[in-house]
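To find a chain, count down the sequence lines: A is the first, B the second, and so on, and within it residues start at 1.
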There are 2 protein chains.
Amino acid sequence: MAARPAEIESGGTGPARRRLAPAERTPQILAAALEEFAERGYAGASMAAAAARAGVTKGLIYHYFPGKADLFKAVVRSCVQPVFSEAERMIAAFEGPKAELLRGLIELAYDRVTAERRERVLFKLILAEADRFPELAAFYNAEVLSRGLALVGNVLRAGAASGEFRPEAADAVGLAPVLLAPAIMASIWQMMLGEERAPDLAAMRRAHVDLVLRGLLQAPGPGAPAPPKRLR
Amino acid sequence: MAARPAEIESGGTGPARRRLAPAERTPQILAAALEEFAERGYAGASMAAAAARAGVTKGLIYHYFPGKADLFKAVVRSCVQPVFSEAERMIAAFEGPKAELLRGLIELAYDRVTAERRERVLFKLILAEADRFPELAAFYNAEVLSRGLALVGNVLRAGAASGEFRPEAADAVGLAPVLLAPAIMASIWQMMLGEERAPDLAAMRRAHVDLVLRGLLQAPGPGAPAPPKRLR
DNA sequence: TTGCTTATCGACCGGACGGTCAATAGCTGG
DNA sequence: CCAGCTATTGACCGTCCGGTCGATAAGCAA
């Protein structure tokens, strides 16, 4: 499992045996390193093993990256960036009641949990290594958390301004993280405990959407206490 | 910082230089190992360093624990147990509206985040090492998460049965994790980003309690949409 | 005091790891 | 077809780590 340097590996077009252009080899190394870091953690990961996963030798990695820490940061950077394009497109394109948009965002977050194990593991990695890499924590804060909070916060403020949500919904500073947290924790529990022992994802999503909309929607009339107009 | 085996250490009564009874040395080693694991992670922690923190040598640790993995598990076990006594006492002793109890539990969770850095770090450790120690994940599930969910779930069902909460509150399977998640995530963000960059704890707590009570309370009368009767 | 038990030390081992470097061989422009 | 550039290798180094073990001495019982 870790002896032959260049052999069968990440199958694709041509197994790319030798002398690849840096633009082609770099992503191979990054992908292999992501696997290695995800499986063994930062300290537990071995440069030689990461190299073997990529079908190269350790020396070559040092030709592309100055050291282990830099490789780690490069892996993180290469993976976190594209996550938000989807949500941002969604918000930009959406027209309709803010409640529907908010519900869509929450459900998108839960769906994200179901898909792409890699991203989940990466989050765990960032969390675990945050104190050893302060700039990594700063990066996560700027590129992931702040962006997510801003996304939700804008929807909240827009809904409050339009009168669709209760005015308290404009308190995005406190509310936005509260709305994001359950989806993230669902992801974490899935990682820790596995699908069968972790809290039920579908039930969480249902209860989450219901709770949020109940708690935020302006009561339509003075009579009924804001029934959630049967959402999905 | 890591050269003298037995010297000045955890100050107290007598620095306990040599030949302690196992009942006295074991907790010293566990405490030192907790510090070491918390600072460097499982793979990054060094047995010799943990020993030095306890003022002993590596060999002695192997006299008390068969190996690194066993030491790690012993550390976790020794720390997680007492966390729940407070909440359980609180629930057992409480009489009054379930909404107040639920609010108290949520605020207790947030307060727990502010205090005792050790427990937070330990949670991070468990999360980071869960896949390498499946029985550790199982232990966390049984002794921490399940207990916490049951706690909240019982309150929810009781409130729904008494008519104080909306009947949907009885869906504890989905709702309980949704209610716990923001407090846990607040703790995680505090660890990752530090007090000043993480989402504001007080604002989260306020928004969280407000959202939950708004979303769960049965509307008192047909007039107002359940104002949260100025809590606290 | 004597002698047994055992907590404690400190030296040691095999190996793995991060990192370095000179040598090699695959491409590409001419 | 050649020559030069550089991607790639593989051997190497110093270090540190988990784990072992025989020697030592602290405490206790008689």
Side-chain angles (χ1 to χ4, degrees), chain A residues 1-7 9-10 14-30 32-33 36-37 39-75 129 132-133, chain B residues 1-7 9-10 14-30 32-33 36-37 39-75 129 132-133:
Chain A
M1 199 194 282
R4 288 131 31 172
E7 205 69 7
E9 70 274 355
S10 60
R17 199 156 319 224
R18 296 180 146 195
R19 191 75 185 195
L20 290 197
E24 197 166 354
R25 183 114 290 171
T26 304
Q28 285 181 359
I29 293 177
L30 286 175
E36 175 71 8
F37 281 126
E39 274 186 26
R40 320 228 206 223
Y42 176 76
S46 139
M47 297 293 275
R53 280 181 203 258
V56 298
T57 53
K58 193 174 49 165
L60 188 59
I61 295 195
Y62 284 93
H63 181 69
Y64 284 97
F65 301 93
K68 194 185 190 183
D70 310 84
L71 175 62
F72 182 66
K73 286 187 275 187
V75 165
E129 311 295 347
R132 245 110 47 203
F133 294 88
Chain B
M1 198 192 284
R4 288 134 26 175
E7 205 68 8
E9 69 276 355
S10 60
R17 199 158 318 228
R18 294 178 148 200
R19 192 76 184 191
L20 290 196
E24 198 165 354
R25 183 113 293 170
T26 305
Q28 285 182 358
I29 293 177
L30 286 175
E36 174 72 8
F37 281 128
E39 276 187 24
R40 320 225 206 226
Y42 177 77
S46 139
M47 297 293 274
R53 279 180 203 257
V56 298
T57 53
K58 193 173 49 164
L60 188 59
I61 294 195
Y62 283 93
H63 181 69
Y64 284 97
F65 301 93
K68 192 184 191 184
D70 310 82
L71 175 62
F72 182 66
K73 286 187 273 188
V75 165
E129 312 294 346
R132 243 113 42 205
F133 294 89

Inset, instruction - Check I29(B) against A54(B) and note the closest heavy-atom contact, atom names and distance. - result: CA-CB, 4.1 Å
Legend entry - Heavy-atom closest contact (A33(A) atom, A50(A) atom, distance): CA-CB, 4.2 Å
Inset, instruction - With sequence neighbours left out, write down each residue that passes salt bridge (charged side-chain N to carboxylate O under 4.0 Å, His left out) with E129(A), or none if nothing qualifies. - result: R132(A)
Legend entry - Options dC17(C), dA7(C), dC17(D), nucleotide nearest the side-chain atoms of S46(B): dC17(D)
Inset, instruction - Using whole Å, report how far CD of Q28(A) lies from P of dA7(D). - result: 14 Å
Inset, instruction - Classify the ring geometry between F37(A) and F72(A) as parallel (under 30°), tilted (30 to 60°) or perpendicular (over 60°). - result: perpendicular
Legend entry - Student check: side-chain heavy atoms of L30(A) and F65(A) closer than 4.5 Å: yes
Inset, instruction - Could you list the residues that satisfy ring pair (Phe, Tyr, Trp, His ring centres under 6.0 Å) with Y62(B), not counting sequence neighbours? - result: none
Inset, instruction - Check the distance between dT6(D)'s P and R25(A)'s CZ and give it to me in whole angstrom. - result: 17 Å
Legend entry - Integer-rounded Å distance: dG18(D) C1' and E36(B) CD: 13 Å
Legend entry - Below 4.0 Å: OP1/OP2 of dA7(D) and any side-chain N or O of H63(A): yes
Inset, instruction - Can you tell me the distance, in whole Å, between the CZ atom of F65(A) and the P atom of dG18(C)? - result: 15 Å
Inset, instruction - From the options dA7(C), dA7(D), dT9(D), select the nucleotide whose nearest atom is closest to the side chain of Y64(A). - result: dA7(D)
Inset, instruction - May I ask you to say what A45(A) touches in the nucleic acid, namely base, sugar-phosphate or nothing, with a heavy-atom cut-off under 4.0 Å? - result: sugar-phosphate
Legend entry - Distance, rounded to the nearest Å, where F72(A) contributes CZ and dG18(C) contributes C1': 16 Å
Legend entry - Nucleic acid footprint by protein, nucleotides 19-30 of chain D - heavy-atom cut-off 4.0 Å, B for base, S for sugar-phosphate alone: BB-----BS---
Legend entry - Check: S46(B) main-chain N/O paired with K58(B) side-chain donor or acceptor under 3.5 Å: no
Inset, instruction - Identify, between G44(A) and A21(B), the residue whose nearest nucleotide on DNA chain C lies closer to the 5' end. - result: A21(B)
Legend entry - Nearest-Å distance for atom pair OH/P, residues Y42(B) and dC17(D): 14 Å
